[in-house]
Amino acid sequence: MTDAGRHPNITLLTMSEVKEITGFVGSFHVRILKRSRYVKEKECTACGDCVEVCPVIIPDEFNMGLSSRRAIYSPFPQAVPGAFAVDITRCLGHNPIICGKCIEKCKKRCIDFDMNDEEMEFDVGTIIVATGMEAYDPAILDEYGYTRYENVLTSMELERLINAGGPTGGKVIRLTDGKIPKSVAFVQCVGSRSQRRGRPYCSNVCCMNTVKSTIMLKEHYPDIEVKVFYIDIRAFGKGFEDLFRRSKGMGVRYIRGLPGDIKQDPATGDLILTVENTATNELDSHHTEMVVLAVGLEPPSDMKVIQEMLALQTTSDGFYMEAHPKLQPVDAATRGIFFAGCAESPKDIKDSVTQASAATARAMRLMNPGSLKVEAITAEVDSELCNSCGLCVKVCPYNAITVDTKAKTAAEVTEAACAGCGTCAAECPTMAITMNHFTDAQIEAQIDAVLEGNAADRIPVFACNWCSYAGADFAGVSRLHYPPNTRLIRTMCSGRVHEKFIWRAFAKGAPVVLVSGCHIGDCHYMNANQWTERRIKRIWKKMEKMGLRTERLNLEWISAAEGLRFQEVMEKMEKIRKSVTPKEIAETMRIVKEQKTRSRSKASAFAKDG
């Protein structure tokens, strides 16, 4: 951190908040509010004289409230910059100055209550999101008594107690009587791997953090009794299994089962844990002098602010979703944005550093050439056809389209920001948007080709390039047999499938039509497939009004790894195809053509009125 603070090409903005981010890859504009610290950074020597005279005493957040700090303070010993800061929300008053003792004490006159917050603006080419994580608050889990018993701590609180720079100088003590505990119990997965309360996922670091803590306790106090209550010990990393065995070799007992209840002995302050031992299928009672809750990790409460600014997606766990879990693990779906650390998922220091290195390398790879290469599949707007309705702006996942609906100016596409999903073209009511290399004419030509000849025997499938098309390919290389009459029409995203493509397929005699894409929440174009779902539901309603069976149009989500699912879906589609009679196909062709004729007549009448 110190090296970063001294680096000539790195600007650290502490006590700052990102207020707005606009633009696109290569041309992001960032507006930042830098809070005033009321201390001159370059002049303060962190002597600490001001702290001694400050009368305000409040809990120290860095030490988890186990010690206190003053209203003027340094957040932690290695903080960068090293200058002190004034917690203006806790200070007795600066406008007017009520106390002023710190100002009088400071010999270098570094403290200035006339400082104001500063708004700063930057133009940057890429952005790395490293919003971190928060530790789970176990207060809601009343059965563990965290809010009722002082000798029940979290793993973070134990970390500060056992640290040499902590509030007790590295001495682990009970908060009730200040004595060193003779026995300590760790409870794993507090707030993790729970479907009812807490988070359903594994927090990745808790098991090994507990193993490390047990070794440190045994090294400090060899005679201390340590028990660990767990579901599974996940020692998956390099050297982790050796560390786990070392802990067991030092006498730490690992008991498979979590406490259902923790009570306190009023006389001694000791804690009684009732545990179902899943190894012996017996209900055991354990007495200990201290309990440590291994709390999980969860996304920061304010990460949605950045999510909305950058149009990012999150997984069901609440963390940011990467563009591809294997091929682009640090890239966001929006080009030019990368992830590092726990912004993407819970991880330890080693994985965080690895991902940060990867993110910086990806950013450098993008910026070093000095210019950007854009895929030739971007959207183009015909200004003569555009009616400035603004629907394309609404559906674009990347904010790549701008339009002034009041001034009635035609929509404009920022090519550097456009990812080519085609959702805008599929939703445009005036057909004003053309997708390069995936034009309407090209896709319609494919529909005509796959249904040429005996259309009743064919199953046209609109497949998303990233997931369902790859899933079909995976089914092939896996030698999974699916109906040979399947005819794939590749689109970059299921969001590109225009309603008219489906009606064209039915008009050409298709017995069934399948639209397929990424699973909801896993779309490579963020939320584009949600517009696919809405569009298909609209078509189903129209089919019901026309008297057509809605099961003849299917919408399925198939990932790139789900070759077997693709096979099952196609077998289901083949069964439906066989149930469609020639008479039903002919009737469908007639109804669709009549509907198309009526639509043309209405459009012609509207044009004459205009």
Side-chain angles (χ1 to χ4, degrees), residues 313 316 395 397 421-427 435 438 440 443-444 446-447 450-451 458-475 482-483 485-508 510-580 584-585 588 592 595:
Q313 263 193 309
S316 58
V395 303
C421 67
T423 309
C424 55
E427 290 291 334
M435 296 305 302
F438 288 89
D440 290 1
I443 294 174
E444 287 172 350
Q446 291 183 69
I447 296 170
V450 300
L451 294 174
R458 310 285 169 75
I459 306 176
V461 179
F462 295 97
C464 153
N465 175 73
W466 302 103
C467 283
S468 57
Y469 190 84
D473 187 54
F474 186 62
Y482 58 84
N485 55 350
T486 300
R487 296 293 183 268
L488 293 171
I489 300 172
R490 183 174 70 96
T491 59
M492 290 307 294
C493 176
S494 62
R496 175 66 184 100
V497 182
H498 198 290
E499 182 178 337
K500 69 176 182 178
F501 299 158
I502 295 167
W503 293 127
R504 188 181 186 91
F506 282 129
K508 290 290 180 177
V512 292
V513 175
L514 173 64
V515 178
S516 59
C518 307
H519 288 275
I520 295 293
D522 290 337
C523 181
H524 283 65
Y525 300 102
M526 293 191 273
N527 63 347
N529 60 354
Q530 294 180 16
W531 291 99
T532 309
E533 189 174 38
R534 295 181 189 182
R535 196 177 310 130
I536 297 300
K537 285 179 179 179
R538 288 200 307 265
I539 298 173
W540 281 335
K541 289 180 180 179
K542 290 180 181 180
M543 291 178 72
E544 287 178 354
K545 291 180 181 179
M546 294 177 183
L548 304 178
R549 281 195 289 158
T550 55
E551 64 177 1
R552 292 174 60 192
L553 171 62
N554 262 260
L555 175 63
E556 297 288 350
W557 309 125
I558 304 169
S559 75
E562 292 181 317
L564 183 61
R565 174 164 168 74
F566 180 82
Q567 178 195 36
E568 293 169 349
V569 168
M570 294 318 302
E571 288 175 348
K572 182 185 78 171
M573 292 300 296
E574 175 63 7
K575 288 181 181 178
I576 299 172
R577 185 197 68 80
K578 288 179 178 179
S579 71
V580 182
E584 188 176 359
I585 293 173
T588 301
V592 173
Q595 185 70 25

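Numbers here simply count residues along the sequence, with the first being 1.
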Quiz item: Would a 4.5 Å heavy-atom cut-off, applied to side chains only, mark N527 and W531 as touching?
Solution: yes
Quiz prompt | For the student: nearest non-hydrogen atoms of I447 and A505, plus distance | solution = CG2-CA, 3.9 Å
Quiz item: Out of L555, V513, L514, which one pairs with F462 under the side chain to side chain contact (heavy atoms under 4.5 Å, CB included) rule?
Solution: V513
Practice problem: Before giving the answer on side-chain contact (heavy atoms from CB on, under 4.5 Å), spell out for L553 and L548 the whole-Å C-alpha distance, their side-chain angles and the decisive distance to 0.1 Å. | Solution: CA-CA 10 Å; L553 171 62; L548 304 178; over 6 Å; no
Quiz prompt | Min side-chain heavy-atom separation Y525-M492 under 4.5 Å | solution = yes
Quiz prompt | Full working for salt bridge (Lys or Arg N to Asp or Glu O under 4.0 Å) between E574 and R577 | solution = CA-CA 5 Å; E574 175 63 7; R577 185 197 68 80; 2.9 Å; yes
Self-check item: Considering all heavy atoms, the nearest Q313-C523 contact
Solution: OE1-O, 3.4 Å
Quiz item: How many angstroms lie between CZ in F474 and CD in E562, if you round to the nearest 0.5 Å?
Solution: 10.5 Å
Quiz item: Are the side chain of R487 and the backbone of L451 linked by a donor-acceptor contact shorter than 3.5 Å?
Solution: no
Quiz item: Given side chains that start at C-beta, do those of T532 and V497 come closer than 4.5 Å, heavy atoms only?
Solution: no
Quiz item: Do NZ/NE/NH1/NH2 and the carboxylate oxygens of R565 and E568 come within less than 4.0 Å?
Solution: no
Self-check item: Ring centres under 6.0 angstrom apart (Y482, F566)
Solution: yes
Quiz item: Are E427 and R538 within salt-bridge range, i.e. N to O under 4.0 Å?
Solution: yes
Self-check item: Spacing of I539 atom CD1 and K500 atom NZ [to the nearest 0.5 Å]
Solution: 13.0 Å
Self-check item: Evaluation steps, side-chain contact (heavy atoms from CB on, under 4.5 Å), between C464 and H524
Solution: CA-CA 10 Å; C464 153; H524 283 65; 5.9 Å; no
Self-check item: Side-chain heavy atoms of V461 within contact of S516, under 4.5 Å
Solution: yes
Quiz item: Name the one of K541, R534, K542 that satisfies salt bridge (charged side-chain N to carboxylate O under 4.0 Å, His left out) with E499?
Solution: K542
Quiz prompt | Atom pair CZ/CE of R552 and M573 - distance to nearest 0.5 Å | solution = 10.0 Å
Quiz prompt | Non-hydrogen atoms of A528 and C493 that approach each other most closely | solution = CB-SG, 3.6 Å
Quiz item: Can you list the steps and then say if F506 with M546 is a side-chain contact (heavy atoms from CB on, under 4.5 Å)?
Solution: CA-CA 13 Å; F506 282 129; M546 294 177 183; over 6 Å; no
Quiz item: Looking at side-chain heavy atoms only, is the closest gap between N554 and K572 below 4.5 Å?
Solution: yes
Quiz prompt | Whether N529 side chain and H519 backbone form a donor-acceptor pair below 3.5 Å | solution = yes
Self-check item: Side chain proximity check, E556 to S468, heavy atoms < 4.5 angstrom
Solution: no
Practice problem: Any chance you could measure Q530, atom CD, to R535, atom CZ, to the nearest 0.5 Å? | Solution: 12.5 Å
Exercise. Write out all pairs satisfying ring pair (Phe, Tyr, Trp, His ring centres under 6.0 Å) with one or both partners inside residues 532-562, taking only residues at least two apart or from two chains.
Key: none
Quiz item: For the atom pair CZ (R496) and CG (N465), what is the distance rounded to the nearest 0.5 Å?
Solution: 14.0 Å
Quiz item: Roughly how far, to the nearest 0.5 Å, is CE of M543 from OG1 of T588?
Solution: 7.5 Å
Quiz item: What's the shortest heavy-atom distance between C424 and V395, and which atoms?
Solution: CA-CG2, 3.8 Å
